[in-house]
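Take a look at the structure below.
Residues: numbered from 1 along the sequence shown. As the structure lists them, so they are numbered: ligands from 1, and atoms in each ligand from 1.
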Amino acid sequence: MKTLVILGSTGSIGTQALDVIRHVPGVELTGLSGFSNMALLAEQANEFTPPYLAVPSDEKRTELMGMLHYSPTVFVGDDGLIELVTVPMAILLVAIVGTAALSPMVEAIPRVPHIAIANKEVLVAAGGIIMEMVKEHGTTLIPVDSEHSALFQCLEAVQFNPNAIKHVTLTASGGPFFGRDASTFSSITPKDALKHPNWDMGAKISIDSATMMNKGLEVIEAHHLFGLDFDDIHVVVHPKSIVHALLETVDGAILAHMGRPDMRYPIQYALTYPDRVPTPFKQAPLTQLSDLAFFEPNRTAFPLLDLAIECGKKGGVYPVVFNAANEVAVQQFLMENCSFLDIHAIIVRFLNQFSNRHVHTIDDIIALDQEVKMTPMLS
Ligand code: NAD
Ligand code: MG
């Protein structure tokens, strides 16, 4: 039996991961963490009876305990997440949103042999240090993000040989506002922005998709995961989300990874790697996966794409501030405290204020991330 812990089991990735392990043989759930939805965490825990759970506060612990039909150990608070990643396990799935996953990730790398990572914010903020740690400890780090899972599988076809790669391409759906006249963007509401055409995801990543910030974060994520130069990571808009990533080889082949947009495929691959296990989730026939179209992104209407890449290239404090400022701005937009267009404006203001700091260690990154998030939203 392979033991598995899921951080963020109550979210979009977490619940789909549980769907996956219901049919993958040989996986035993050891731990789950939840943050706000205790009823769902209790339901999951009662179904799988993992011996360890983690929740954010004593109040949540009391609420949860009242709904459990068995007696697991329940860790509490930020330290509780750290305690959860120190229990013995074969595989960890990191499906918490935002840099809240950074400390548990750093604690897990030396201890856990196989980490499936859905969270992209920690790679954006601290990818350099994380990848050094992964190398030092020999951790198997497999991406769950669909484009990165696809790219990983294309890279396997060339044995990860950098000399074989001309460039790679990440596809973007374009989000709900692909093709919409940018002069109407000021009237976009959170409800409009949360309506993703192809994927059913958590609120934060849905807004990031609507601004195309998500693809910018993914370029930085790909840079760190695969050691690719920023200029060798291209982006195209592909509204059907069927081709997830492409790799062009130096001898002129274009390798593409295709499939119905369903996160359960990349989640399963990340959990079972290097094995391939049958899935009950049927692929679509090729006739339904046809009419593929690709477009240049509209970099003027969606300026966060290029700003992300620029911050990724500069490195140091830039991706840390950029990512933290985006987490703040998205939250404010969801609470209707700022407009859709303000998201970009807020990030630029934070970058101007914080760009003269230095970061060398994970502690520096966590401190800067917190400082940005604690700063009143600039106006
Ligand atoms: P979500 O909002 O649906 O779920 C987030 C999970 O994290 C929940 O279990 C929540 O309880 C927990 N959480 C939230 N804040 C927390 C905190 N401060 N401390 C501890 N736990 C906390 O998000 P999601 O859509 O599942 O995305 C999770 C991560 O995976 C994100 O980084 C996202 O970018 C990435 N991702 C998601 C998808 C997708 O299809 N949903 C695809 C690719 C990548
Ligand atoms: Mg993605």
Non-hydrogen side-chain atoms of Ser103 and Ile366 separated by less than 4.5 Å |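 A side-chain contact exists here, since the closest heavy-atom pair is under 4.5 Å.
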
Joint cluster assignment, Phe178 & Ile343, ILVMFWY side-chain distance < 4.5 Å |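 Phe178 and Ile343: one cluster.
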
Can you tell me if Thr361 and Asp363 form a side-chain donor-acceptor pair at under 3.5 Å?
->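 No - no donor-acceptor pair under 3.5 Å links their side chains.
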
Scan side-chain atoms only and decide if Thr99 and Asp369 contain a donor-acceptor pair under the 3.5 Å cut-off.
->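 Side-chain D/A pair, Thr99 to Asp369: present.
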
Pro176 and His196: which non-hydrogen atoms are nearest, and at how many Å?
->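 Closest approach of Pro176 to His196: CD-CD2, 4.5 Å.
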
Can you spot which of Thr30, Thr3, Val112 makes a side chain to side chain contact (heavy atoms under 4.5 Å, CB included) with Leu92?
->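 So, applying the side chain to side chain contact (heavy atoms under 4.5 Å, CB included) to Leu92 and each of Thr30, Thr3, Val112, only Val112 qualifies.
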
Take atom CG of Asn161 as the centre, draw a 6.0 Å sphere, and report whether it contains more than 12 heavy atoms from other residues, nucleotides or ligands.
->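 Correct, the count exceeds 12.
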
Are more than 12 heavy atoms from other residues, nucleotides or ligands located less than 6.0 Å from atom CG of Asn337?
->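 Counting other residues, nucleotides and ligands, CG of Asn337 exceeds 12 neighbours.
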
Check: every ligand 1 N/O to protein N/O pair under 3.5 Å:
unit_1	atom_1	unit_2	atom_2	d
ligand 1	3 (O)	Ser12	N	2.8
ligand 1	9 (O)	Gly8	O	3.2
ligand 1	9 (O)	Thr10	N	3.4
ligand 1	9 (O)	Thr10	OG1	2.8
ligand 1	9 (O)	Gly11	N	3.1
ligand 1	11 (O)	Thr10	OG1	3.2
ligand 1	11 (O)	Phe35	N	3.2
ligand 1	25 (O)	Gly202	N	2.9
ligand 1	26 (O)	Ser12	N	3.1
ligand 1	26 (O)	Ile13	N	2.9
ligand 1	30 (O)	Ala118	O	3.4
ligand 1	32 (O)	Glu121	OE1	2.7
ligand 1	41 (N)	Ser12	OG	3.0

Tell me the protein N, O or S atoms under 2.8 Å from the Mg ion (ligand 2), in chain and number order.
->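 N, O, S partners closer than 2.8 Å: Asp145 OD1, Glu147 OE1, Glu218 OE2.
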
Ring geometry between His244 and His257 (parallel below 30°, tilted from 30 to 60°, perpendicular above 60°) |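 The rings of His257 and His244 sit tilted, inter-plane angle from 30° to 60°.
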
